[in-house]
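Heads up: numbering here begins at 1 and tracks the sequence. The structure displayed is predicted, hence computed values, not measured ones.
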Amino acid sequence: NVWPSKCKDKGFLYLGKLGLVKIPGFLIGVMYEEENLYKQAFEYFIKNKDDYKACQYKVGYYYKYGLVTKQDYQKANEYLIKACKQNFALAIYELANSYEFGYGVDIDYNKAIELYSKIKDTDLDACIDLGYCYAEHLHDYQKALEIFYSIQDQPEAEFFIAECYFYGNGVNKDYSKALLISLFTP
């Protein structure tokens, strides 16, 4: 059994390896990931999937993207749903992404929006994807603009807002405003 080299200097982790101290399985799995030992990490996540929502998320993530295991969207969503039921934000994001793009489930933009909305205040990517979901899939540019204006200091939001002014999506077409916003986007 390989022990991550970054952990060798940490006494409590060594004690955990010896079985003298209980260390949550997801932490050991994450340490293996830091060493690019994904097979060992996956084994730890599988072993601890019933005890930790973080492990359920990680198992779902590994199945969704086919990391050291065969890609299986059904299994991925099964584990992501378990972690979602415990309000694990990363799992909520991945499940929303599955509904938005149809990974192992029927495409359901309303379900994706519902899930992204749960974590939009704490997860910038979810907020951005929520805005794009409204714009690209439901063509509700007013709602998308409302979301992007709430994070207008972010380059993705500024780009989207400028694009709306350029094409007249949800606002009156205004090339000057589009240009002005674009000039100040980092």
Would you compute the distance between atom CG of L90 and atom NZ of K53 and round it to the nearest 0.5 angstrom?
11.0 Å

Nearest 0.5 Å, please: how far is CG in N169 from CD1 in I161?
13.0 Å

Between S150 and I147 (side chain of the first, backbone of the second, donor and acceptor by atom type, cut-off under 3.5 Å), is there such a pair?
yes

Can you find a pair of side-chain heavy atoms, one from Y79 and one from V59, that are under 4.5 Å apart?
yes

Rounded to the nearest 0.5 Å, what's the gap from CD on E34 to CG on N36? Could you check?
9.5 Å

Donor-acceptor contacts, no H, no angles, side chain residues 126-133, under 3.5 Å, sequence neighbours left out:
unit_1 : atom_1 : unit_2 : atom_2 : d
D129   : OD2    : Y93    : OH     : 2.4

What closest approach, in Å, do N77 and S98 show between heavy atoms, and which atom pair accounts for it?
OD1-OG, 3.1 Å

Return the set of residues passing salt bridge (Lys or Arg N to Asp or Glu O under 4.0 Å) with E94 (not counting sequence neighbours), or none when no residue passes.
K64

Y103 OH to L95 CG distance, which is reported to the nearest 0.5 Å
13.0 Å

Would a hydrophobic clustering, with Ile, Leu, Val, Met, Phe, Trp and Tyr connected at side-chain separations under 4.5 Å, put M31 with Y57?
yes

What pairs with F166 under side-chain contact (heavy atoms from CB on, under 4.5 Å), at least two apart in sequence or on another chain?
Y175, A178

Interatomic spacing from CG in L37 to OH in Y44 - rounded to 0.5 Å
11.5 Å

By salt bridge (Lys or Arg N to Asp or Glu O under 4.0 Å), K47 pairs with (sequence neighbours left out) none

Look only at the side chain of N48 and the backbone of D51, and say whether a donor-acceptor pair between them is shorter than 3.5 Å.
no

Listed once per pair and sorted, the salt bridge (Lys or Arg N to Asp or Glu O under 4.0 Å) pairs that draw on residues 168-178, sequence neighbours left out
none

Using every non-hydrogen atom in the two residues, find where L115 and I92 come nearest and quote the distance to one decimal.
O-CG2, 3.3 Å

Taking D123 for its side chain and I119 for its backbone only, find out whether a donor-acceptor pair lies under 3.5 Å.
no

Side-chain heavy-atom pair L138, N110 within 4.5 angstrom cut-off:
yes

Please step through side chain to side chain donor-acceptor pair (under 3.5 Å) for the pair E78 and Y63, ending with a clear verdict.
CA-CA 10 Å; E78 175 187 326; Y63 277 122; over 6 Å; no

Contact check, side chains of Q154 and L124, non-hydrogen atoms, under 4.5 Å
yes

Decide, yes or no, whether a salt bridge links K58 with E33 under the criterion of side-chain N to carboxylate O below 4.0 Å.
yes

Can you list the steps and then say if Y65 with Y61 is a ring pair (Phe, Tyr, Trp, His ring centres under 6.0 Å)?
CA-CA 6 Å; Y65 295 101; Y61 188 88; 4.7 Å; yes

How close do Y62 and A41 get, heavy atom to heavy atom, and via which atoms?
OH-CB, 3.7 Å

Should Q71 and Y73 count as side-chain neighbours, where that means a heavy-atom distance under 4.5 Å?
yes

Can you pull out every salt bridge (Lys or Arg N to Asp or Glu O under 4.0 Å) where at least one residue sits in residues 133-144? Sequence neighbours excluded, please.
K143-E146

Could you point out which residue of F148, Y149, Y167, Y165 forms a ring pair (Phe, Tyr, Trp, His ring centres under 6.0 Å) with F160?
F148

So, for A162 and I181, which heavy atoms are closest and what is the spacing to 0.1 Å?
CB-CG2, 3.7 Å

Side chains of N97 and Y99: is there a donor and an acceptor less than 3.5 Å apart?
no

Spacing of H137 atom NE2 and D108 atom CG [to the nearest 0.5 Å]:
11.5 Å

Of all heavy-atom pairs between A91 and L80, which one has the smallest distance, and what is that distance?
CB-O, 3.7 Å

Shared hydrophobic cluster for Y109 and F101 (ILVMFWY, side-chain gaps under 4.5 Å):
no

When you compare the side chains of Q56 and Q86, does any donor N or O come within less than 3.5 Å of an acceptor on the partner?
yes

